[in-house]
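Below: one structure, written as structure tokens.
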Amino acid sequence: MPPRQKSLTKGRWRAVALSVLLHAAIVAAAVYGWFTWKHKSPPMDTLAIQATVVDERALKNLAPPKPEPPPEPKPPEPEPEEQGPPAPDPAEVEKRKQEEQQKLEEQQKAEEQKKAEEQKAEQERLDNEKKEAEKQAAAKAAAEKAAAEKAVAEKKAAEKKKADEAAAAKKAAEEKARQAAQAELRRSMEAEERNTALLSSSEMAQWKAQIEAKIQANWIKPPSAQTGFECIVRVTQVPGGEVTAVKVDSCTGGDAALRESVENAVYRASPLPSPSNPALFYRDLVLTFKPPSG
Amino acid sequence: MRKFSKLLSMIALALASPAFAQLQLTITSGVTDPIPIAVVQFGATAPLSGGLDVAAVVQRDLESSGRFKGMARTDMLSKPTTSAEVMADVAGWKQMRVNYVAVGRLASLASGEATIDVELVNVLTAQTILSQKWTVQPANLRNGAHRVADSIYQKIIGVRGAFATRIAYVSVDGKAPALRYQLIVADADGENPRMILQSDRPLMSPAWSTDGKWLAYVSFERRVSAVYVQEVSSGKRSMVSARAGINGAPAWSPDGRKLAVTLSGNNGNLDIYLLDLQTQALTRITDDPGIDTEASFTPDGGAIYFTSDRSGSPQVYRQGLGAGERPKRITFTGTYNARPRVSPDGKQLAVLTLDNGAYRIAVQDLSNGTLQVLSKGRQDESPSFAPNGAMVILAGRERGQGVLQTISIDGQTSFRLNADAGEVREPVWGPFLP
């Protein structure tokens, strides 16, 4: 029994394998054909977009079928267990033929159904993809819009930062200038105090009187200078009292002779008396020549 | 904030620089010391006729004003003739304590004329302040020298010099009864005297016309007094008033058309009249039983000052020449003020005053009436202003002789003029010459 069964089994396996092979070839051809058609149908640009956005799962579903049916036979269907007695009889053969035919039809039906389902799934997938693309486009537009808005905002922020920094720098500079001015004012006031102290000292009074006396002794008043004149003369002296420059700034109510006389007076008085305290020395003097008041 | 800091810095600046770095001094009085000047002997490219020392004349003129002190030539270390040479040693001149150095050059032109080139250097400021050239006839070189002095004086003093002007005076010589009277015209320094009239009877009261071309005077050549006018250059003269009684004290109106004269008429009452020289028309100016005489016109011709004893003693009065004007007494100081002469600017009056028993020359300020005695003699007389108003000429007495002297109106400087001829009287200073 076993050998017979074996040989019979052997012959049945061959038929099953061939049948399976044939079905597989048909399915493969159908799938390939559908795919070829399917692949042609979507517009290229959409495809291009899709290529960038499809996810891994979608890509797996889309894995193209192998151009040829797999060479390996499908694992045996549960037929061998269902196999009846090995002795075939024509009725049974006919029945089997019918069964096979029915099976084939069922299989075809199933194939068609599967195909329809696959088409539906594919349509859904396409719809999804389209939706996804739209979504992606919208997202992209939104992202772009957001990016543009962000750029504007950033630019504004940068500008504001810059302006703030400039304002701060300006304020700092102004503050510095103000402080410098205040320091200068303070220095001036201190200098004034020192000068006031020096100017009001008796030594200073004495020195001034000495200079005035010497210039008066050397001022040969022109006869034209009687009343109502005033000459302002700037004098520069060096330590030791030598007069190095005399400039008649103004001479109101007087003539050229008066101008000349006051200028000469200072030169004639050179060297001017020196102060007893060298710290009192002034390089620049301003002399006012005028008639005695009263 | 910025405004505030700006304000602060401005305040700081204002406080810091000028007020502190400079010492303020006030000079209210000066001196009337003469200004030291060196008038260096002028260079001459060719000997000029007469060989006049022009620089010496200039120096003497300047010194006579009382405003200058000339440096003695023996003290000069060099004899520069150009300002460049002076500039080369400004420090040296300064060391000699002179303020100014005047240098010059004389030259003869082919035309026979002489040129005087003068430069004036202020050695204190090291600047040439005058550079001028004169062309004169050799015979007028002295006058040229006076003009040089005028320019230097004006440049330094600020007032026109009056050296190139003339004076007139009366000189008397001989012994009574054989006295000889002469009317003399001379340069303002007394040099170059020329007799324009001679008489053995008294000549008095010479008066210059405003243009300096004519002299009016009183002559007793006809034994009685008469007023004459005489052209100085030609000697041509004419008798303009020989009325009964006294004809005296002529004074020219500024426009030269009229003479103010003192007439007594037959009744002997001296009053002042205006005599029109063209028409001989006579207009009475004063009418008072006292003596009114010695008229002097104001520069604008609108009034006269005169002497009157109507108050009991001689005093000066002013009489406006407009219709209906009343005489006004001007002098109140002392018991005797006479012979008024108005200054060229009309602001002062020179008078003969009795001062502590002596007759002296005084100047009264017409704005406030103060009288300042200038001369120091005992019998001074006849003041007359220089045309620049800086000096007064007068006649004084030395050892019984009348002499001429000038005196600065501040009374500081008097200068005796040379007059060879005997006793001199009644000097009058002429106007500026063109």
Side-chain angles (χ1 to χ4, degrees), chain A residues 171 174-175 177-189 191-192 195 199 204 207-208 211-212 215-225 231 233-235 246 254-268 270 280 282-293, chain B residues 1-36 65-69 94 97-100 122-127 129 153-159 347 365 388-391 408-410 412:
Chain A
K171 199 178 168 190
E174 279 177 4
E175 178 64 15
R178 192 184 62 82
Q179 280 175 355
Q182 274 180 336
E184 184 58 44
L185 184 64
R186 202 160 46 240
R187 262 201 303 284
S188 298
M189 284 170 146
E192 188 188 18
N195 274 278
L199 282 170
M204 179 57 91
W207 183 44
K208 282 176 73 171
I211 297 176
E212 285 169 354
I215 293 172
Q216 283 179 355
N218 282 283
W219 182 27
I220 301 172
K221 260 172 101 169
S224 55
C231 297
V233 183
R234 296 190 180 278
V235 178
V246 179
D255 53 14
L258 176 63
R259 264 186 111 89
E260 182 141 326
S261 78
V262 299
E263 192 179 7
N264 287 351
V266 182
Y267 279 120
R268 276 165 56 93
S270 175
L280 297 177
Y282 271 78
R283 197 180 144 79
D284 298 312
L285 312 178
V286 177
L287 307 176
T288 303
F289 288 79
K290 60 181 186 183
S293 51
Chain B
M1 180 53 87
R2 196 163 62 178
K3 268 187 186 166
F4 176 64
S5 62
K6 219 178 215 176
L7 188 69
L8 267 182
S9 55
M10 275 166 71
I11 292 171
L13 270 178
L15 287 176
S17 25
F20 292 162
Q22 297 168 333
L23 189 62
Q24 307 277 337
L25 300 164
T26 306
I27 314 294
T28 56
S29 70
V31 293
T32 49
D33 292 358
I35 296 167
S65 71
R67 293 282 163 196
F68 291 92
K69 183 182 188 324
K94 218 191 263 185
R97 301 297 293 166
V98 295
N99 292 10
Y100 298 94
N122 180 338
V123 297
L124 295 173
T125 60
Q127 285 176 319
I129 61 170
Y153 183 91
Q154 177 153 20
K155 195 73 203 175
I156 297 173
I157 304 298
V159 175
K347 292 176 178 170
D365 186 326
N388 66 357
M391 308 284 290
S408 58
I409 57 158
D410 58 9
Q412 294 291 313

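Keep in mind that what you see is a predicted model, and the values were worked out from it rather than measured. Numbers restart at 1 for each chain; the letters A, B, ... are given by sequence-line order, proteins then strands.
In terms of heavy-atom pairs under 4.5 Å with chain A, the best-connected choice from B:Val159, B:Ile35, B:Ile409 is B:Ile35. Ranked by non-hydrogen atom pairs under 4.5 Å with chain B, the options A:Ser270, A:Gly254, A:Ala257 are led by A:Ala257. With chain A as partner, the option from B:Gly158, B:Ser29, B:Ala390 having the largest number of non-hydrogen pairs under 4.5 angstrom is B:Ser29.
For B:Asp410, the salt bridge (Lys or Arg N to Asp or Glu O under 4.0 Å) test picks out B:Arg67, with sequence neighbours left out. When the side-chain hydrogen bond (donor to acceptor under 3.5 Å, both in side chains) test is applied to B:Asn388, no partner is found at least two apart in sequence or on another chain.
A distance of 6.0 Å separates CZ of B:Arg97 from CG of A:Asn218, quoted to the nearest 0.5 Å. We find the CG-OG1 distance between A:Asn264 and B:Thr125 to be 6.5 Å, quoted to the nearest 0.5 Å. Rounding to the nearest 0.5 Å places CD1 of B:Ile157 at 9.0 Å from OG of A:Ser261. The OH atom of A:Tyr267 sits 8.5 Å away from atom CG of B:Leu124, with the distance rounded to the nearest 0.5 Å. Separating the CG atom in B:Asn99 from the CD atom in A:Glu263 is a distance of 11.0 Å, to the nearest 0.5 Å. Considering CD1 of A:Ile215 and CD1 of B:Ile27, their distance stands at 4.5 Å, rounded to 0.5 Å.
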Would you sort out whether A:Arg283 and B:Gln22 count as a side chain to side chain donor-acceptor pair (under 3.5 Å), showing the intermediate values?
CA-CA 7 Å; A:Arg283 197 180 144 79; B:Gln22 297 168 333; over 6 Å; no

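Heavy-atom minimum distance, A:Lys221 versus B:Thr28: NZ-O, 4.3 Å. The nearest pair of heavy atoms linking A:Tyr282 to B:Leu23 is CD2-N, 3.6 Å. Residues B:Asn122 and A:Glu260 share a closest heavy-atom pair of ND2-OE2, 3.4 Å.
Here the side chain of B:Gln24 pairs no donor or acceptor atom with the backbone of A:Leu285 at under 3.5 angstrom.
Both the backbone and the side chain of B:Asp33 come within less than 4.5 Å of a heavy atom in chain A.
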